[in-house]
Protein chains: 2
Amino acid sequence: MANEKITIKMVSEKANVSKTTVSRYLNGKYEFMSAETKKRIEEVIAELEYRPNALAQGLKNNKTGLIGIVVSNIMIPEVAALVRGVNDYCIRKSFQVILVETDQKNISQQDQIQALIDRQVEGLILSSNQDEAFVKSLTEQKVKIVLADCTIEELMIDTVIVDNEKATAEMIQRIYSEGFDRVAYFTPPLTTPSRKKKLALFLESSKIAVRNPEQLAFEIEETQVAFDACKESLNELLKKNQGYRLAILAENSELMFALIHVIYSLGLRIPEDVAIGGYDDLGWNKLYHHEMSVIEKPSYEIGSQAAELLVKRISKGKMQYKPKVIEVQPKIKMSGSTQVSDNSFDKIVIRMNQENQPYIKKNYRKQDD
Amino acid sequence: MANEKITIKMVSEKANVSKTTVSRYLNGKYEFMSAETKKRIEEVIAELEYRPNALAQGLKNNKTGLIGIVVSNIMIPEVAALVRGVNDYCIRKSFQVILVETDQKNISQQDQIQALIDRQVEGLILSSNQDEAFVKSLTEQKVKIVLADCTIEELMIDTVIVDNEKATAEMIQRIYSEGFDRVAYFTPPLTTPSRKKKLALFLESSKIAVRNPEQLAFEIEETQVAFDACKESLNELLKKNQGYRLAILAENSELMFALIHVIYSLGLRIPEDVAIGGYDDLGWNKLYHHEMSVIEKPSYEIGSQAAELLVKRISKGKMQYKPKVIEVQPKIKMSGSTQVSDNSFDKIVIRMNQENQPYIKKNYRKQDD
DNA sequence: GTGAAAGCGCTAACAG
DNA sequence: CTGTTAGCGCTTTCAC
């Protein structure tokens with residue numbers, strides 16, 4: 001891009017040494033030259049404002065210092081946090097990051113990933129769902145890959161994943177111990193292993209408190225207006241569970257927020273009438289009137305851990321080792337959305353009115369399962 | 001990264017042609033070969049799964065298909081939107097994007113940008129405040145640069161910028177015409193040209209409605225707990241403007257949200273007691289109980305326009321033209337946070353109680369300036 | 001239609 | 001300590 005490109009050759013000529021010596025200088029091999037030569041090269045480089053061409057270096061060394069990060073959409077806050085985690089780590093290790101978003105229209109994500117490989121990136125962090133066969137073909141080409149917050153069944157590969165098990169159990173247990181007697185679970189369609197896993201965790205954790213937790217699980221249709229589907233399911237929940245203190249756990253934050261809207265739109269209060277918690281905090285949380293209780297996915301950490309895994313694998317070169325799986329722990333944040341001060345708690349309970357709409361009855365009497 | 005790298009040489013040998021011919025094939029110059037040769041090469045490439053090395057191509061062609069995007073922090077929603085705008089456009093033009101964040105610790109952003117240039121990126125989109133001299137030195141090196149949502153005084157350079165003038169005027173005018181008689185302006189310290197500009201726009205637009213709009217402008221200290229500073233200023237505002245219907249315009253969305261919290265924490269309602277609007281929507285907006293009125297920065301568009309500008313300049317090569325400045329228009333969204341239904345409006349007005357805390361008086365009587 | 005040869009800017013044997 | 005030479009993988013004259 002510079003007007004007249006300064007090359008190593010020009011430096012060598014001006015400094016009256018060979019390209020080799022300049023190259024040695026560039027690579028810090030000062031043992032191989034006199035102090036005087038070193039100084040001269042130094043001066044010429046400064047004078048000419050010479051900068052080595054990373055492309056040529058890369059071609060020669062088979063090292064580009066480039067990694068690719070493949071995400072669905074950078075505008076999703078968790079994705080942004082993950083990317084930042086990756087970038088922060090990479091910068092410290094002198095890598096730079098090429099960003100690929102997979103939910104673009106008109107462009108095949110596989111083409112984009114292939115383009116990364118053609119560029120000789122030294123590794124890939126995948127954080128959006130990928131075709132298993134495709135990823136497999138990549139690993140067979142010895143492309144170094146780390147999966148960040150996604151999994152590919154039957155593929156042994158470096159992975160950073162969230163362990164929701166303990167957190168889910170604890171969240172549910174704490175909600176119950178707050179005095180709620182039903183924790184319902186709302187999930188989008190169970191199309192991914194991760195969602196199925198989360199549901200399983202919910203069911204398992206709920207067993208200690210409720211006899212048939214399956215009845216408390218709602219699969220919400222994946223519609224544009226999640227609002228409507230949520231409203232329907234919520235109504236059903238309320239209907240079936242009149243007289244109980246209800247709490248909701250949402251599989252993800254979007255669903256949680258849809259539910260929050262539904263709850264408000266029904267004229268119900270959080271948490272007095274319905275408590276709500278969920279997974280992941282999109283950063284909005286602190287902006288609500290009271291915070292929402294969430295199991296917070298440590299996206300930044302997932303990113304930085306994934307980057308670390310990748311950089312390690314890259315630097316190992318031929319000396320490869322078995323795939324590593326890192327499980328990071330989410331943080332549990334219990335906040336106002338699931339905590340009811342004692343005096344207000346004793347007065348509330350939801351019932352349905354004639355039109356099958358929820359209304360609030362002031363006298364609460366605890367019932368058994 | 002592949003186990004055994006397939007090169008153009010291997011392809012040429014297997015196909016019994018020269019590297020030249022294969023290269024011609026790769027570059028679509030089919031006129032220069034027989035149909036038969038073409039087919040043979042095609043087959044060998046498929047069989048070998050050959051992929052050209054983009055590094056080598058770039059070295060030869062002086063084209064990397066890479067651009068750098070320099071932002072402060074990808075976790076800021078507007079920044080993410082901008083990056084997405086850039087990426088979306090670039091992908092369509094077969095560019096890929098290297099992401100640089102400038103608010104990293106321990107790493108000089110200039111080093112990072114220099115690293116991009118060393119990589120022979122074909123251009124740079126800068127969207128975080130930069131040192132003027134540094135950018136100037138880059139342009140002198142003929143680095144192609146587009147500024148996105150930031151400006152550098154006295155530097156003629158391609159730029160995409162938001163024009164807040166009309167939008168600010170309209171927003172303020174509409175708030176007044178809703179029936180509020182004071183629109184106050186809250187801004188962080190006036191350390192940047194952009195903030196000063198915005199304040200100027202506020203003052204100008206307010207003159208038509210209020211005699212001394214300066215009295216309605218509050219510069220909030222830049223502290224970690226913006227909350228406290230906001231609370232203080234808000235109290236002052238309320239004190240000085242007892243008996244008026246107040247609205248607030250916040251210079252940015254963080255400030256707006258801090259103010260929202262302050263308002264709620266004082267037990268006041270939005271918009272009945274204090275209306276509030278601001279600049280930019282971080283995507284949280286729709287999650288509030290009622291939406292906030294905002295002048296929404298079209299970050300995605302800024303990004304895509306900047307990318308377009310850059311790609312155009314790149315493709316022009318030597319045939320350069322004068323710097324272009326594109327002004328994009330923000331969208332005005334008027335929502336519940338500044339709109340009071342008539343019947344509730346007539347009953348409200350804030351006054352201070354003995355302790356100098358605001359309280360709500362039910363009888364409102366309009367006062368003149 | 002096709003290929004030999006030179007070279008993009010750099011690094012690394014190898015030889016002094 | 002230093003330089004000569006070859007070559008990374010590709011493209012492009014130029015010649016046949």
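Numbers restart at 1 for each chain; the letters A, B, ... are given by sequence-line order, proteins then strands.
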**Asked** Under a 4.0 Å N-O cut-off, is there an ion pair linking B:K297 with B:E78?
**Response** yes
**Message:** Using the rule given for side-chain hydrogen bond (donor to acceptor under 3.5 Å, both in side chains), can you reason through B:S23 versus B:T20, listing the C-alpha separation, both sets of side-chain angles and the distance that settles it, and then say yes or no?
**Reply:** CA-CA 5 Å; B:S23 172; B:T20 310; over 6 Å; no
**Message:** What residues from residues 15-24 of chain A pass a heavy-atom cutoff of under 4.0 Å to DNA chain C?
**Reply:** A:K19, A:T20, A:S23, A:R24
**Prompt:** CD of A:E31: more than 12 outside heavy atoms within 6.0 angstrom?
**Reply:** yes
**Prompt:** Does the salt bridge (charged side-chain N to carboxylate O under 4.0 Å, His left out) test come out yes or no for A:K39 and A:E43, once each step is laid out?
**Reply:** CA-CA 6 Å; A:K39 193 174 161 224; A:E43 284 166 1; 3.8 Å; yes
**Message:** Can you confirm whether the side chains of A:S34 and A:T37 place a donor and an acceptor under 3.5 Å from each other?
**Reply:** yes
**Request:** From the options B:R313, B:K324, B:K312, B:K316, select the one residue that forms a salt bridge (Lys or Arg N to Asp or Glu O under 4.0 Å) with B:D158.
**Result:** B:R313
**Request:** State the CD1-CD1 distance between B:I314 and B:I67, to the nearest 0.5 angstrom.
**Result:** 6.5 Å
**Complete:** Sorted by number, residues from residues 31-41 of chain A placing a heavy atom under 4.0 Å from DNA chain D are A:E31, A:F32, A:M33, A:S34, A:T37
**Request:** Could you tell me whether the side chains of A:N62 and A:Q120 share a donor-acceptor contact shorter than 3.5 Å?
**Result:** no
**Item:** Nearest-0.5 Å distance that lies between atom CG in B:D131 and atom CG in B:L138
**Value:** 10.0 Å
**Prompt:** From the 5' end of DNA chain D to its 3' end, which nucleotides mark the outer limits of contact with chain B, defined by a 4.0 Å heavy-atom distance cut-off (strictly under)?
**Reply:** D:dG9 to D:dC14
**Prompt:** Under a 4.0 Å heavy-atom cut-off, which of residues 51-60 of chain A touch DNA chain D?
**Reply:** A:L59, A:K60
**Asked** If you look at every strand shown and take non-hydrogen atoms under 4.0 Å, does A:Y50 touch a base, only sugar-phosphate, or nothing?
**Response** sugar-phosphate
**Request:** Please step through side-chain contact (heavy atoms from CB on, under 4.5 Å) for the pair B:V71 and B:E101, ending with a clear verdict.
**Result:** CA-CA 5 Å; B:V71 300; B:E101 294 182 284; 4.2 Å; yes
**Prompt:** If you look at every strand shown and take non-hydrogen atoms under 4.0 Å, does B:K29 touch a base, only sugar-phosphate, or nothing?
**Reply:** sugar-phosphate
**Request:** For A:S72, check side-chain contact (heavy atoms from CB on, under 4.5 Å) against everything at least two apart and list the hits.
**Result:** A:I76, A:V79, A:T102, A:S128
**Request:** Please lay out, stage by stage, how A:I113 and A:L124 fare under the test side-chain contact (heavy atoms from CB on, under 4.5 Å).
**Result:** CA-CA 9 Å; A:I113 294 174; A:L124 246 37; 3.7 Å; yes
**Prompt:** Out of curiosity, B:I6 CD1 to B:R51 CZ, how far, rounded to the nearest 0.5 Å?
**Reply:** 12.5 Å
**Prompt:** Is the closest basic N to carboxylate O distance between A:E308 and A:K93 below 4.0 Å?
**Reply:** no
**Item:** Value rounded to 0.5 Å, distance of CD1 in B:I161 from CG in B:L147
**Value:** 8.0 Å
**Complete:** In the 5' to 3' direction, the nucleotides of DNA chain C bounding the stretch that comes under 4.0 Å of a heavy atom in chain B are C:dG1 to C:dG9
